[in-house]
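Below, read A as the first sequence line, B as the second, and so on, with proteins coming before strands; counting in each chain starts at 1.
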2 protein chains.
Amino acid sequence: MSAPSIRARVRAEMIEEIKAVARRHLATEGGNLSLRAVARDLGMVSSAVYRYFPSRDALLTVLIVEAYQALGDAAEAGDAAAARDDLRGRWLGVAHAVRAWSLAHPAEYALLYGSPVPGYAAPSETVVPAQRVVFALAAIMIEGAAAGRLAPPDGTPVPSPVRVDLARLLAQRPGALTEEQLARCMAAWSQLFGLVSFEVFGRLAQGVVEDSEAYFDHQMRLMADLAGLPAEPGRPAEPGPRHDRGQSDEPGQSDEPRQSGRPGQPDEPGQPASEE
Amino acid sequence: MSAPSIRARVRAEMIEEIKAVARRHLATEGGNLSLRAVARDLGMVSSAVYRYFPSRDALLTVLIVEAYQALGDAAEAGDAAAARDDLRGRWLGVAHAVRAWSLAHPAEYALLYGSPVPGYAAPSETVVPAQRVVFALAAIMIEGAAAGRLAPPDGTPVPSPVRVDLARLLAQRPGALTEEQLARCMAAWSQLFGLVSFEVFGRLAQGVVEDSEAYFDHQMRLMADLAGLPAEPGRPAEPGPRHDRGQSDEPGQSDEPRQSGRPGQPDEPGQPASEE
DNA sequence: CCGAACCGAGAGCACCGCTCTCGGTTTGCC
DNA sequence: GGCAAACCGAGAGCGGTGCTCTCGGTTCGG
């Protein structure tokens with residue numbers, strides 16, 4: 001079944017090689033990918049690259065799509081690393097996985113969530129993979145709601161104009177969330193990327209927050225509280241979110257070096273039992 | 001008093017003119033400011049611009065600093081527009097002012113909160129003006145705490161490593177906030193810029209959320225709940241943020257259409273840094 | 001087997017940030 | 001008032017960029 005001719009094979013390999021070198025350049029240099037430099041690294045002349053990608057933006061686009069996929073994979077792996085009924089552990093697993101991937105790939109993260117690149121607008125093939133992270137968060141809440149383990153939202157109710165927008169979203173996907181719960185899910189989602197953007201783009205670590213991983217962990221726990229996720233696995237929802245957490249372990253994290261500063265206890269920063 | 005010679009005067013005017021044209025280019029074209037194009041618009045040759053700015057990055061830096069000032073001015077004006085004891089109104093005023101300025105100046109916002117530009121690292125003169133927004137939020141909470149009008153935080157307590165970081169921050173500035181409250185303030189801060197980044201960079205309005213201003217308003221109200229801000233002016237804090245008034249629609253509460261896009265009150269973006 | 005498709009190299013275009021040199025003007029000091 | 005020094009704009013030029021086009025050589029498929 002090797003219908004693909006030799007030429008087609010080397011073409012596919014060449015495309016992969018160009019993407020690999022481009023990704024490497026993106027990692028070492030900044031976000032301004034130079035097509036000529038990539039060609040130079042490959043021992044080609046710049047015009048030869050145009051046999052494989054019609055423009056530099058096209059190259060960037062496929063890198064963006066693949067970066068979305070990698071980020072989505074990491075997020076789902078972070079979810080899968082926790083026990084199914086440990087809703088809060090899964091939530092934090094997704095969040096920490098997103099953060100770890102982003103810190104390990106800052107230039108690609110900037111392509112996804114930084115300023116849009118000058119000319120081009122994110123093409124349509126990016127919208128689906130871009131939704132995987134928020135869907136991962138929503139899935140956890142949906143499961144919790146189905147199991148009756150989500151604390152009922154209190155506080156400001158959703159006003160009508162927002163309610164219709166959210167209801168339209170909810171109608172698209174199966175799952176039983178109220179508009180209040182979906183709004184909280186999206187709050188956690190934007191909070192997650194706000195935090196990661198601050199950290200990746202260096203607008204946080206001006207010596208202000210020393211232990212940025214523990215800070216991030218706490219912030220995402222606040223969002224878990226907001227979402228109504230139970231603090232412990234297997235328990236039904238409690239109206240007042242308590243907090244002494246069960247297993248200390250949990251994240252796993254699959255790939256990505258995680259570079260968490262200090263190893264040994266990669267996640268779950270020291271949360272002392274009651275107080276200090 | 002005109003000690004500045006004629007030459008110095010025209011030099012200062014020239015600098016202002018260059019900045020103005022650069023800002024215009026930034027608004028019309030994308031974020032990749034072309035120094036040659038700016039020079040062309042001024043009827044100069046590119047090398048002449050180097051008499052006034054040592055490099056393109058230096059030009060960008062002063063634009064960044066002034067953009068921080070303009071954003072800070074807008075945020076503080078948004079705070080000042082509400083009655084002093086209407087803590088929630090001030091909170092929402094700051095948030096909506098930040099959003100309005102950012103939507104009105106997307107390219108400058110991208111300089112401040114998007115991907116860092118390739119080569120240069122934000123110089124030190126940007127850190128102080130960059131803190132004005134979060135300080136505005138913190139000031140509201142501090143006043144609320146001093147008046148005993150902040151609902152006590154519930155949910156996950158701050159773990160010790162984060163506590164020491166936050167305690168160091170609290171020691172720098174006067175004001176009586178607990179670490180829990182400061183953590184919530186910073187949550188609202190990152191949430192605010194996460195939301196604005198999503199909207200300015202177009203990662204939200206894929207037809208998903210129709211009424212993005214109402215959505216933003218509700219999200220920031222959720223953060224106000226999280227911060228413990230009282231729902232109505234002049235009332236003391238309520239322990240449990242209740243909200244019975246079960247009408248499906250908003251309570252009286254002056255629905256807060258805020259500067260809803262409608263002109264006539266073009267907000268205060270633009271506000272060119274009230275001079276020094 | 002041979003035309004067609006594909007491929008890499010090279011030259012070239014317009015643009016970029018930036019440097020340097022060269023005359024002309026303004027300034028400030030003696 | 002004169003004059004050196006500082007300042008200024010124009011121009012040429014360097015190395016870099018994305019991209020186009022042409023030209024030979026290779027491979028594919030009918």
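For DNA chain C, no neighbouring residue in residues 15-28 of chain B is found when judged by any heavy atom under 4.0 Å.
In this structure a side-chain-to-backbone donor-acceptor pair under 3.5 Å is present from B:Q219 to A:A183. Using a distance-only test at 3.5 Å, with no hydrogens or angles considered, a donor-acceptor pair links the side chain of B:H105 to the main chain of B:W101. With hydrogens and angles ignored, the 3.5 Å screen pairs a side-chain donor or acceptor of B:T28 with a backbone N or O of B:H25. In this structure, B:S115 contributes its side chain and A:S115 its backbone to a donor-acceptor pair below 3.5 Å.
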Using the rule given for side chain to side chain contact (heavy atoms under 4.5 Å, CB included), can you reason through A:Y52 versus A:E17, listing the C-alpha separation, both sets of side-chain angles and the distance that settles it, and then say yes or no? CA-CA 11 Å; A:Y52 302 93; A:E17 204 165 347; over 6 Å; no
Candidate pair B:E210 and B:Y215, rule side chain to side chain contact (heavy atoms under 4.5 Å, CB included), full reasoning: CA-CA 9 Å; B:E210 210 57 62; B:Y215 171 75; over 6 Å; no
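Side-chain N/O atoms of B:S34 include one lying less than 4.0 angstrom from OP1 or OP2 on C:dG17. In this structure, A:Y50 does not reach the C:dG8 phosphate: none of its side-chain N or O atoms is under 4.0 Å from OP1 or OP2. For B:R11 and D:dC8, the shortest distance from a side-chain N or O to OP1 or OP2 is below 4.0 Å. Between A:R56 and D:dG18 there is a side-chain N or O to OP1 or OP2 distance below 4.0 Å.
Checking D:dT22, D:dA10, C:dC16 against every side-chain atom of B:S47, the shortest atom distance belongs to D:dA10.
Here C:dC15 presents its P atom at 14 Å from CG of B:D41, a figure rounded to the nearest Å. As rounded to whole Å, 20 Å separates atom P of D:dG16 from atom CG of B:L35. In this structure, CE of A:M44 is placed 4 Å from P of C:dG8, rounded to the nearest angstrom. Rounded to an integer number of Å, the gap from CG of A:L60 to C1' of D:dT17 is 14 Å. Across the protein-nucleic acid pair, B:I6 atom CD1 and D:dA6 atom C1' stand 16 Å apart, rounded to whole Å. Rounded to a whole Å, the CZ atom of B:R51 is 12 Å from the C1' atom of C:dG24. The separation between B:R40 atom CZ and D:dA10 atom P is 14 Å, rounded to whole Å. Between the CE atom of B:M14 and the C1' atom of C:dT25 there is a distance of 15 Å, rounded to whole Å.
Checked against the 6.0 Å centroid threshold, B:W189 and A:F198 count as a close aromatic pair.
Not a single donor-acceptor contact under 3.5 angstrom links the side-chain atoms of A:S46 to the base of D:dG18. Side-chain atoms of B:R36 and base atoms of C:dG17 include a donor and an acceptor less than 3.5 Å apart. Checked by distance alone, B:R7 brings a side-chain donor or acceptor within 3.5 Å of a matching partner on the base of C:dT26.
Note on B:S55: only backbone sugar-phosphate atoms sit closer than 4.0 angstrom, heavy atoms only; bases stay farther off. No engagement by A:L42 is indicated, since no non-hydrogen atom pair under 4.0 Å with the nucleic acid exists. Backbone-only contact: A:Y52 has heavy atoms under 4.0 Å from sugar-phosphate atoms and none from a base.
Taking the six-membered ring for Trp and thresholds of 30 and 60 degrees, B:F201 and B:Y109 have ring planes inclined between 30 and 60 degrees apart.
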